[in-house]
Amino acid sequence: MIYWSANSTNSNQQSLSGSNPKKKVHSGNANNELEWRDLEDYPLNLSQQEVMIEEGKAGSSWGKSEINSGYNSLLSRTLQVKGSKVNCFFDTEAPKILVVDDHAASRMTAAALLAMEGYEVIEADSGAAAVVLVTQKHPDLILLDVMMPGMDGFEVCHLLKQDEHTRLIPVIFITALNDRRSRIRGIEVGADDFLTKPFDRVELAARVKSLVRQKRLNEDLDHAEQVLFSIARAIESRDPNTGDHCERLVTLGQNFGEYLNLSRSQLRDLMWGGYLHDIGKVGIPDAVLLKNEQLTLEDWEMMQQHVLIGEKICQPLRSMRGVIPIIRHHHERWNGSGYPDGLKGNEIPFLAQVFQLIDIYDALTSERPYKRAFSPAEALSVMWEETQAGWRNPELMQRFTDFIHTYNLK
């Protein structure tokens, strides 16, 4: 168990406790404190002064290998308690739990119960200290007291949930408050669960275990999504002629989606479609994908398969459900002459129709080996000709035209 006190005055300390009597490791002087070189590196937008204060209180012993080796061995013995339950549910190292409470008795009670369950426990006695510890120790879950001086639990939770690197860490509010207002505010700042003091050991263990498992599943899903985005970028890099096509589609998609007042989930799907719409081209040979001459009938039939390949790649991920219609149907046409399914009119999924306009507009306004970059007016003229030929949704095309006129005035 690692304890970080924000109240030491003379020398900085880390307290370690376990089956052996409690020991304290004293740090050296402040010259060995960890530092962030740039303001952007400060944890979760804490000010430079706040970081310096909290790191000074935390002590320089975190950075000393000789101290680390000492408390790591003690910590290892603490976690390998006979009858530990954590290893029954997690195949990797024991999950880290950060307990944040300004009252030592409450904090130590929670820490002791969690240690008995086999978790690695880290303690902090203030909100600011907790924020710094999160960036250093990357806990799997946070037990967070609501009422603390200075930065309270609501502020801490809000900071963590707004940051891309810490948003997946579950937060359980532990509080003596049991009123409706506190719970509503906790939900608003992103809390994942609530426990009321004094808490039951069995309930605490069950809730912690469930949320830690959920976090790891979410992380696996997040990693899978990132792999797909990496593949999509690699595919884009195969064709140097497209430039930053995907990035432009994401930006234009976000702006047009907001103009259409799409829901948050629709907006996300439209932006993800900007990256993933052509991911199926990973299965198209370079001889066809990068061919400079006009495609033969066989080449064209092979190229059309990229939408089906992309659909198969993304289908296993439930988070891609809203993106898959974009991937499969962004080459359909309003009159049914598109591919792969020859859908007509509003048979074509709405987001696929929206994305199609963005994709075509970007292609027309970008320079390619076989064409110059068209002006916005020229691109819209071409798209209206295609609309009159029956390829596009006339009503949506009018809204896109109005959007482009507004967008280009910004």
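Keep in mind it's a predicted model, so treat the numbers as computed, not measured.
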Those residues at least two apart in sequence (or on a different chain) that pass side-chain hydrogen bond (donor to acceptor under 3.5 Å, both in side chains) with Tyr275 are Glu247
Is the closest side-chain heavy-atom distance between Ile169 and Asp140 below 4.5 Å?
-> no
For Lys161, check side-chain hydrogen bond (donor to acceptor under 3.5 Å, both in side chains) against everything at least two apart and list the hits.
-> Asp192
Residues at least two apart in sequence or cross-chain that pass ring pair (Phe, Tyr, Trp, His ring centres under 6.0 Å) with Phe350, listed by chain then number, are none
Assess whether side chain to side chain contact (heavy atoms under 4.5 Å, CB included) is satisfied between Leu204 and Leu195, documenting all intermediate values.
-> CA-CA 8 Å; Leu204 171 66; Leu195 283 173; 3.5 Å; yes
In terms of heavy-atom contacts, does NZ of Lys312 have more than 12 from other residues, nucleotides or ligands at under 6.0 Å?
-> no
Thr109: what forms a side chain to side chain contact (heavy atoms under 4.5 Å, CB included) with it, not counting sequence neighbours?
-> Leu113
Under 4.5 Å between any side-chain heavy atoms of Leu160 and Arg167, yes or no?
-> no
For Ala377, does its backbone N or O pair with a side-chain atom of Ser381 as donor and acceptor, under 3.5 Å?
-> no
Indicate yes or no for a side-chain donor-acceptor contact from Gln304 to the backbone of Glu301 under 3.5 Å, with no hydrogens or angles considered.
-> no
Exam field: side chain Lys96 to backbone Lys137, donor-acceptor pair closer than 3.5 Å = yes
Side chain to side chain contact (heavy atoms under 4.5 Å, CB included) partners of Asn261, counting only residues at least two apart = none
Using the test side-chain hydrogen bond (donor to acceptor under 3.5 Å, both in side chains), find all partners of His277 that sit at least two apart in sequence or belong to another chain.
-> none
Find out whether Trp334 and Asn346 are in side-chain contact, i.e. whether some heavy atom of one side chain is under 4.5 Å from a heavy atom of the other.
-> yes
Taking only residues two or more places apart in sequence, or in another chain, which ones meet Glu332 in a side chain to side chain contact (heavy atoms under 4.5 Å, CB included)?
-> His329, Pro340, Asp341, Leu343, Ile348
Mind jotting down which residue pairs meet the salt bridge (charged side-chain N to carboxylate O under 4.0 Å, His left out) criterion with at least one end in residues 391-404? Sequence neighbours excluded, please.
-> Glu386-Arg392
Are Leu143 and Val100 side-chain neighbours, meaning at least one heavy-atom pair lies under 4.5 Å?
-> no
Sorted by chain and residue number, the salt bridge (Lys or Arg N to Asp or Glu O under 4.0 Å) partners of Asp193 (sequence neighbours excluded) come out as Arg207
Is there side-chain contact between Pro95 and Leu141, with at least one heavy-atom pair below 4.5 Å?
-> no
Can a salt bridge be assigned to the pair Asp125 and Arg107 using a cut-off of 4.0 Å between side-chain N and carboxylate O?
-> no
Can any side-chain N or O of Ser366 pair as donor or acceptor with the backbone N or O of Ala363 at less than 3.5 Å?
-> no
With the side chain counted from C-beta on, respond yes when Leu252 and Phe403 share a heavy-atom pair under 4.5 Å apart, and no when they do not.
-> yes
Quick one: closest heavy-atom pair of His330 and Asp278, and the distance?
-> NE2-OD1, 3.6 Å
Shortest non-hydrogen separation from Ile326 to Gly273 and the atoms involved | CG2-CA, 4.3 Å
Go through the structure and list residues passing side chain to side chain contact (heavy atoms under 4.5 Å, CB included) with Ile187, not counting sequence neighbours.
-> Phe194
Are any of the side-chain heavy atoms of Gln254 and Leu270 separated by less than 4.5 Å?
-> no
Any salt bridge between Lys209 and Glu117, counting N to O under 4.0 Å?
-> no
For residues 146-159, please give each side-chain donor-acceptor pair under 3.5 Å, one per line with the distance, not counting sequence neighbours.
from: Asp152; atom 1: OD1; to: Phe154; atom 2: N; distance (Å): 3.2
from: Asp152; atom 1: OD1; to: Glu155; atom 2: N; distance (Å): 2.9
from: Glu155; atom 1: OE2; to: Asp152; atom 2: N; distance (Å): 3.2

Just wondering, do Tyr339 and Arg333 contact through their side chains at under 4.5 Å, heavy atoms?
-> no
Counting distance only, does the side-chain N/O of Glu258 pair as donor-acceptor with the main-chain N or O of Asn255 below 3.5 Å?
-> no
Results of salt bridge (Lys or Arg N to Asp or Glu O under 4.0 Å) for Glu378 - residues two or more places apart only = Arg372
